[in-house]
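Any value given below was found using the heavy atoms of this structure, including those in side chains, with hydrogens, waters and symmetry copies removed.
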Amino acid sequence: MALFPQGLTHVDQRCNAGERRVLHALKRHLEDDHLVWHNVPIGPRARQPDFVVLSPRQGVLLLEVKDWKRATLAAATRDRVELNTPRGPVTEANPLRQARDYALELVDVMQRDPALVHGDGPFCGKLLFPYGWGVVFSRLTQAEVVGSDFAEVFPAHQVLMRDDLEEGVDAGAFQRRLWGLFTVSYPHKLTLPQRDRIRWHLFPELRVQTQAALDFTDSTVDTGTAAPALPDLLQVMDLQQEQIARTLGEGHRVIHGAAGSGKTMILIYRAQHLAAAARPGQPVLVLCFNRTLADRIGFQLQQRGVDERVQVRTFHSWCQDMVNSYQLDVPPAPSRDERYAQVVRTVERALETGFVPGGQYMALLVDEAHDFEDAWLRMAVRLVDPATNSLLVLYDDAQSIYQKKRRKFNFASVGIEARGRTSILRMNYRNTAEVLALAMHCAQSLLEGGGDDAAEGDGSGGGDGGDRGGRSYSGDPALRDEDRVPRVLPASAGRRGALPVLMQAGSEREEAELIAERVERAHAAGLPLADIAVLCRAKYLMKPIEAALARRRLPLQSMNGLAFRRFDWRQPSVKLLTMHSAKGLEFPLVFVAGLQALPMRDEGPDDAARLLYVAMTRATHDLVLSAHGTSLIVERVRESLADVTRRFAHAPG
């Protein structure tokens, strides 16, 4: 059976009668390596054909479906059709012309991707794979159009009829008719990376918004602008992520995901989808703990054209908004931390008494929920409109760096009822195999602590039907209680890169110079400064690095700046962040500096190791660690790096 990333049940419910006949014919006759989407926006202009079929052997096919009766079709030309309807004559665009225009627009975009075209020979610059388009007349039979001029406007090799959709039709015969719709047809087997690149072009909403992707998207909309070169790696949701993102419905939902598994990407997709239905008086709210992550999510949503109907806040800034909006009286506090706590307690009481109304938001999405206290999660549940009950919670216990004690709780205890609507994302797509191996080795005792809460095995849980791949909770003894918090161990996607580097310096100035030298070298080799981040345990460690970068005239933004409030993500500059503030972010080149400061006085070795794990997994390509002294963590990194180096020295590839 073909795979339906939107969920077969969900698609079936959306279809009209004619589309449903086509859907079930595709389901019956296509193998399970075929992908089928129904009525989704595709390409730079968000066209919406009725069906998109991606075949690994045949290529891309777009289908328009018309459930017209013979008496309805009055006349047709290559551009228009005239229909007899109960409300009188109606003129519509010729559906075959529509499908053709959609397909050729996509072909034009994909031919600008060097990885999808022939590099030389007689077909140089042409797509590697076939493509086609056609119309399905789901109610018309061949007998009804015999003797008319129907075939002059709708040639037999470009249409399917009701006869082709009957249950008794042989699968081979159906496929011959379907693949006969291809205008361009020749043998080619699409690789998995090629299929992902095609999906990247088909569905812009599934893209990871790198600067190269944004530049390419802008150029496809403005046809007068030459497209920039696309990078070799175009990041797009994998099929499991896409299935989860597209099938998220109302109700409470929990996604447990390892570092780099695409949790935030799914949240952004979901927020973009919900924005279309939100109203200014009842917006969508996105909450997270870190201000830097909140700013980054807000920036990415703006790039996707999402307006104020989606509000992105840190939990504490949202609480302060409530204090200001409802003029709540907050008791004085002796310190900033206690002030934050008093603000939260004040808003919590106001929610309980109804002074701050519940149900303010059409939907609520919580990123990095493992950083939220139990009381905060209970408050979050009250904020959602009961009519939608739409709450999405993203969680990874391994990245919980703010909880003083390891959390032992279940979601039902804080009012999150997600039984049958819980998924696991284990595959790490962010990091290279080398970076992930080092991060996991350094945090091995934390990630593999064992016990009943350790989630082993691959797969995703959920009760949304049989389309979703993987294993459900009921099949895994460690995951039978969906309300509990499993420990999700990341699995590498196998993408290879350079081994991480540990630089040992004799002084803080020497360490800073080594970092600045590598930044300058990477930028000279073509890496944008916006793709580089330097992470430190504390702000004071940034000062010598700022000076070293400034001496080389390398633009930077630093959290250590006196007037710093937030990053300007549009500015091409190196970003200097604390390790805590880097949570949820990613950069192609990451420096983790000042390791000799770990662990600090107020933290134990395990807390430092967990923080280091979060910091190292921010790197999508290259990771450089540095220190100008020694510590327990420096020695752990040195030993882990030696072990990982030996392992990869004997590994193939």
Side-chain angles (χ1 to χ4, degrees), residues 252 254 264 267 282-298 310-386 389-397 399-417 485 559 565-566 578 580-581 583-584 602-603 607 611 614:
H252 294 186
V254 174
T264 300
L267 179 144
Q282 194 179 49
V284 175
L285 178 63
V286 177
L287 289 178
C288 54
F289 187 88
N290 283 333
R291 186 174 65 191
T292 306
L293 178 58
D295 290 345
R296 182 64 177 171
I297 291 173
V310 176
Q311 300 176 3
V312 186
R313 299 285 190 273
T314 67
F315 178 77
H316 288 101
S317 66
W318 175 83
C319 286
Q320 187 62 53
D321 288 346
M322 295 301 101
V323 167
N324 297 338
S325 297
Y326 295 96
Q327 299 182 349
L328 304 179
D329 184 21
V330 180
S335 67
R336 187 181 65 172
D337 287 348
E338 182 56 30
R339 163 71 183 179
Y340 286 149
Q342 288 283 26
V343 167
V344 172
R345 285 193 288 267
T346 299
V347 175
E348 183 180 13
R349 286 193 296 270
L351 264 175
E352 290 172 351
T353 60
F355 198 84
V356 170
Q360 296 183 41
Y361 300 96
M362 187 195 87
L364 176 61
L365 299 85
V366 183
D367 200 2
E368 307 283 351
H370 42 265
D371 292 330
F372 279 48
E373 295 180 7
D374 293 9
W376 305 359
L377 293 173
R378 280 191 288 268
M379 292 168 66
V381 172
R382 303 174 73 111
L383 298 179
V384 182
D385 182 356
N389 203 28
S390 183
L391 173 66
L392 175 62
V393 175
L394 308 182
Y395 206 101
D396 179 17
D397 187 58
Q399 297 188 70
S400 179
I401 56 178
Y402 293 102
Q403 300 292 332
K404 295 300 182 183
K405 294 182 179 180
R406 307 316 317 139
R407 172 176 279 165
K408 296 290 185 183
F409 90 124
N410 62 63
F411 286 101
S413 70
V414 294
I416 298 173
E417 301 290 346
V485 177
M559 292 185 67
R565 290 293 299 166
R566 54 177 45 88
T578 63
H580 286 85
S581 294
K583 269 174 55 64
D602 58 345
E603 64 189 357
D607 292 328
L611 185 57
V614 170

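- The minimum heavy-atom distance linking Gln342 with Pro332 is given by the pair NE2-O, 4.1 Å.
- Expressed to the nearest 0.5 Å, how far CE of Met322 lies from CG of Leu328 amounts to 9.0 Å.
- For the residue pair Ala369 and Val393, the shortest heavy atom distance occurs at CB-CG1, 3.4 Å.
- Inspection of the Asn290 and Glu368 side chains reveals no N or O donor paired with an N or O acceptor under 3.5 Å.
- Residues Tyr361 and Ser390 fail the side-chain proximity criterion, which asks for heavy atoms closer than 4.5 Å.
- Rounding to the nearest 0.5 Å places OH of Tyr395 at 13.0 Å from CG of Asp367.
- Under the rule for a ring pair (Phe, Tyr, Trp, His ring centres under 6.0 Å), the partners of Tyr340 that lie at least two apart in sequence or sit in another chain are His316.
- Between the NE2 atom of His580 and the CG atom of Leu293 there is a distance of 14.0 Å, given to the nearest 0.5 Å.
- The minimum heavy-atom distance linking Ser581 with Thr578 is given by the pair OG-OG1, 3.0 Å.
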**Item:** Test log, rule side chain to side chain contact (heavy atoms under 4.5 Å, CB included), inputs Val284 and Leu365
**Value:** CA-CA 8 Å; Val284 175; Leu365 299 85; 3.4 Å; yes

**Prompt:** Hey, mind stepping through Trp318 and Leu383 against side chain to side chain contact (heavy atoms under 4.5 Å, CB included) and telling me if it holds?
**Reply:** CA-CA 12 Å; Trp318 175 83; Leu383 298 179; 3.5 Å; yes

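- Residues satisfying the side-chain contact (heavy atoms from CB on, under 4.5 Å) criterion with Arg339, sequence neighbours excluded, are Gln320, Val330, Ala333, Val343.
- When every heavy atom of Leu351 is checked against every heavy atom of Pro357, the shortest pair comes out as CD2-O, 4.0 Å.
- Atom CG in Asp602 sits 9.0 Å away from atom CG in Asp607 (nearest 0.5 Å).
- Annotation: side chain of Met362 is not in contact with side chain of Asp385 (no heavy-atom distance under 4.5 Å).
- Under the 3.5 Å distance criterion, the side-chain polar atoms of Ser317 are left unmatched by any main-chain donor or acceptor of Arg313.
- No side-chain heavy atom of Cys288 sits under 4.5 Å from any side-chain heavy atom of Phe315.
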**Request:** Just do the side chain to side chain contact (heavy atoms under 4.5 Å, CB included) check on Asp329 and Thr346 with the steps written out, would you?
**Result:** CA-CA 8 Å; Asp329 184 21; Thr346 299; over 6 Å; no

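- Within the 3.5 Å criterion, the main-chain N or O of Leu391 finds no donor-acceptor partner in the side chain of His252.
- Salt bridge annotation for Arg345-Glu338: present, with a cationic side-chain nitrogen under 4.0 angstrom from a carboxylate oxygen.
- Minimum interatomic distance between Trp376 and Phe372 (heavy atoms only, all atoms of both residues): CE3-CA, 3.6 Å.
- For the pairing with Met379, the side-chain contact (heavy atoms from CB on, under 4.5 Å) check across Asp374, Val344, Leu287 returns one residue only, Val344.
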**Asked** Can you list the steps and then say if Asn389 with Glu417 is a side chain to side chain contact (heavy atoms under 4.5 Å, CB included)?
**Response** CA-CA 10 Å; Asn389 203 28; Glu417 301 290 346; over 6 Å; no

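- With rounding to the nearest 0.5 angstrom, the CZ atom of Arg296 is 11.0 Å from the OG1 atom of Thr264.
- Looking at heavy atoms from C-beta onward, Val286 lies in side-chain contact with Val310 at the 4.5 angstrom threshold.
- Atom OH of Tyr326 is surrounded by more than 12 heavy atoms from other residues, nucleotides or ligands within 6.0 Å.
- Taking CE of Met559 as the start and CZ of Arg565 as the end, the distance is 10.5 Å to the nearest 0.5 Å.
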